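If you're wondering where the values come from, they're calculated on a predicted model, not measured in any experiment.
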Amino acid sequence: MTNFFTRWTGLAAALLSLSGTSGAGGQEGPAKQERERTLEQWQDRRFGMFVHWGVYAVPAGFHEGKPVRHLGEWIMRHGKISKEEYAGYAARLAPDGYDPGAWVRLAEEAGMKYMVVTAKHHDGFALFDSAASGWDAVDATPAKKDLLMPLVEECRKKGMPLGYHYSQAEDWWHPGGGISGTSWDPGQAGSFDSYLAAVAVPQIKELLARYGPVSSFFFDTPVNMNASRAVQIEALLPATTLSNDRLFPGSTGTFRTYENQLPQRFIPAGPWELCTSCNDTWGYKNNDQHWKGTGELLRTLVETASRGGNFLLNVGPDASGNIPQPAAESLRGIGRWLARNGESIYGTRHSPYNPIPWNGGCTSRSLPSGETVLYAHLFERPGDQLLLPGLANRLISAKLLPDGADLEFSRQGNSWRIKLPGFDGGKIPTLKITLDGKPVINPPSITPGADGKMVLGVHAALLRGNQLRLERQPNSPEPNIGYWTDQADTVAWSVDLPAAAAFASEWTVACGEDSAGAVVAVMAAGKELGRFEVPSTGGWNVFRKMPGPLLSLPAGAVEIQLVPLSKPGLGVMNLRALSLLKTR
């Protein structure tokens, strides 16, 4: 794995409209229907195990007694290790402790529903017996054993779908293989097209023919690849084998890959997968002990499912094939939570709320009866009640998973409130809420209180655009609207006034000094009511209350909209609330 792929992001976006879909994605008739069924099943699984294992686990982040910076599986590249020296590490790859059954059992204990393993990474080493190269587990290690087939057989026995990370382009071993940057070994020289024809294409054929069924291919780092070169690989993939969008720049694949960070758009279009690791590297490094705990990883799983994505969580076994104990403990902790709350993840689809109006997650499930179940995951307790703002549907029932008693709920305005029970202290309590029909979310109407005050808070805001989303600053329980980096993005609220009135405005904002000076217009019914110039507050996490313009609002239901007119720096502002106080 590598962050190198981010270099291709802009180019990929530009090429999407120019390139065709992948060969499998472009199939019609029965093949297309089979692909759609396969993709639905893949999305239902939601949670999978990524495994990075290969020769790089032997040096474990060190070469000639010195640490090599960056990712463990990139040690050959970053350490500029010659092929001759690197071959010596393969000779020390001792699979005596390798138990593929233990990997599959751990995946099952974690509640994972599929696996993806590095059949060949950028160092060109194949875990399987390949006729296309002698640089594989059978020919280049003392054990002379195929290391992939035992895992394939174990997954077949357990019914665990298995896919392959295969580095189709970046290859530091085989002549002509792609290299990001400059080469460092004369043996790397050669024709890239010859490499594709002699190594990559034959090995993909081998994996499909002997190591299937192949659930998916995770292609990676498409250096030197283009649409015409990709055709010969796309043509090999059956309808039942999915692929990600890294085959070549501009590829759509059958699902999109995000690495380490959730997508900026809250709910991306189409199927997608987030991959991240249990620590800071993918391949094993014995000096990387920055392990993520169950709580952090569980939140990522919930957030990913809430946005409609799959979560592929990586482990990096050591040279003997043992998965580090801290990673295993975190995974088992996730599995214990899923044993109680798994129905809120598996087979669900994204939240009807965009964004989610509480600190937590929300997934949905359509029932054959026409009813819908919403699962509300609570990262923190929102007081004694959970508000479902703007939900127009009739509520049928609400309870705490897995087998809590029915909870009381009541209508308030155009929203629902659910009375929360006491919690047992378990990680991320989850409510199961059954609705009549498909969710209909209307903007929650805000009306003045008895004191004439309206607080336009972030949970009731309508966020429109590609970048905006709710966030929380470090050590702060209060959310804010952030990532306002696109001037075209807007924020709005729906208010309902019994009579026209004038309101003094107070803005709770944060802004860095280098971005101060953005001008935001307040609009209602197509008219500009006033402007607010965003000051520096001393930092993006330093919130201050600032007076704004006097706003004259019309009677009745109206939408108040914040429209940036200028943005001199990185962002418009971080906004925690807009308070309006009636003056006359």
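- Aromatic rings from W53 and W103 are positioned such that their centres are separated by under 6.0 Å.
- Annotation: cation-pi pair K120/Y166 present, NZ/CZ under 6.0 Å from the ring centroid and within 45° of its normal.
- For the 3.5 Å distance criterion, the side chains of H377 and S344 qualify, holding a donor opposite an acceptor.
- Screening residues 298-311 for salt bridge (Lys or Arg N to Asp or Glu O under 4.0 Å) gives no qualifying pairs among residues at least two apart or on separate chains.
- In this view, Y164 satisfies the ring-ring contact (aromatic ring centres under 6.0 Å, His included) rule with no residue, not counting sequence neighbours.
- Between W173 and F125, the ring centre distance reaches or exceeds 6.0 Å.
- Judged by a 6.0 Å distance limit and a 45° cone about the ring axis, R469 is positioned over the six-membered ring of Y483.
- With sequence neighbours excluded, the residues that form a side chain to side chain contact (heavy atoms under 4.5 Å, CB included) with T281 are L71, E73, N279, K285, D288.
- Side-chain atoms of T276 and K292 form a donor-acceptor pair, as typed in the model, at a separation below 3.5 Å.
- Taking K145 as the reference, A143 meet the side chain to side chain contact (heavy atoms under 4.5 Å, CB included) condition, with sequence neighbours excluded.
- Annotation: F47 is not in aromatic contact with Y114 [ring centroid separation under 6.0 Å not met].
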Verdict with reasoning, R156 to V152, per side chain to side chain contact (heavy atoms under 4.5 Å, CB included): CA-CA 6 Å; R156 287 173 181 168; V152 172; 3.4 Å; yes
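- Contact annotation: the side chain of N226 never approaches that of F248 to less than 4.5 Å [non-hydrogen atoms, C-beta and beyond].
- Residues satisfying the salt bridge (Lys or Arg N to Asp or Glu O under 4.0 Å) test with E343, not counting sequence neighbours, are K432.
- Considering only heavy atoms from C-beta on, L374 comes within 4.5 Å of P439 through its side chain.
- Applying the salt bridge (Lys or Arg N to Asp or Glu O under 4.0 Å) test to D193 and every residue at least two apart in sequence or in another chain returns R229.
- When every heavy atom of D220 is checked against every heavy atom of Q168, the shortest pair comes out as N-OE1, 3.1 Å.
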Working for side chain to side chain contact (heavy atoms under 4.5 Å, CB included), residues C362 and Y375: CA-CA 5 Å; C362 179; Y375 298 97; over 6 Å; no
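- At a cut-off of 3.5 Å, with distance as the only test, a side-chain donor of D146 or Y211 sits close to an acceptor on the other residue.
- Between Y346 and R45, the side chains place no donor N or O within less than 3.5 Å of an acceptor N or O (distance only, hydrogens not considered).
- At a cut-off of 3.5 Å, with distance as the only test, a side-chain donor of T221 or H122 sits close to an acceptor on the other residue.
- For D123 and Y56, the side-chain atoms include no donor-acceptor pair closer than 3.5 Å.
- By the side chain to side chain contact (heavy atoms under 4.5 Å, CB included) test, H174 is found to be paired with S133, W135, D171, Y195, V199, residues two or more places apart in sequence or in another chain being considered.
- Between D245 and R256 there is a salt bridge, with a side-chain nitrogen of the basic residue lying less than 4.0 Å from a carboxylate oxygen of the acidic one.
- Residues that satisfy the salt bridge (Lys or Arg N to Asp or Glu O under 4.0 Å) test with E34, not counting sequence neighbours, are R37.
- Every side chain to side chain contact (heavy atoms under 4.5 Å, CB included) that H70 has, sequence neighbours left out, goes to H78.
- For the 3.5 Å distance criterion, the side chains of H121 and S167 fail to qualify, holding no donor opposite an acceptor.
- For the salt bridge (Lys or Arg N to Asp or Glu O under 4.0 Å) condition, the pairs that include at least one residue of residues 322-333, sequence neighbours left out, are E109-R332.
- For the 3.5 Å distance criterion, the side chains of E471 and N480 qualify, holding a donor opposite an acceptor.
- Side-chain atoms of F62 and V68, non-hydrogen and from C-beta on, never get closer than 4.5 Å to each other.
- Qualifying salt bridge (Lys or Arg N to Asp or Glu O under 4.0 Å) partners for R349, counting only residues two or more places apart in sequence or in other chains: E40, D44.
- Considering only residues two or more places apart in sequence or on other chains, Y284 meets the ring-ring contact (aromatic ring centres under 6.0 Å, His included) condition with none of them.
- Counted by atom type alone, E273 and T257 present zero donor-acceptor pairs between their side chains at under 3.5 Å.
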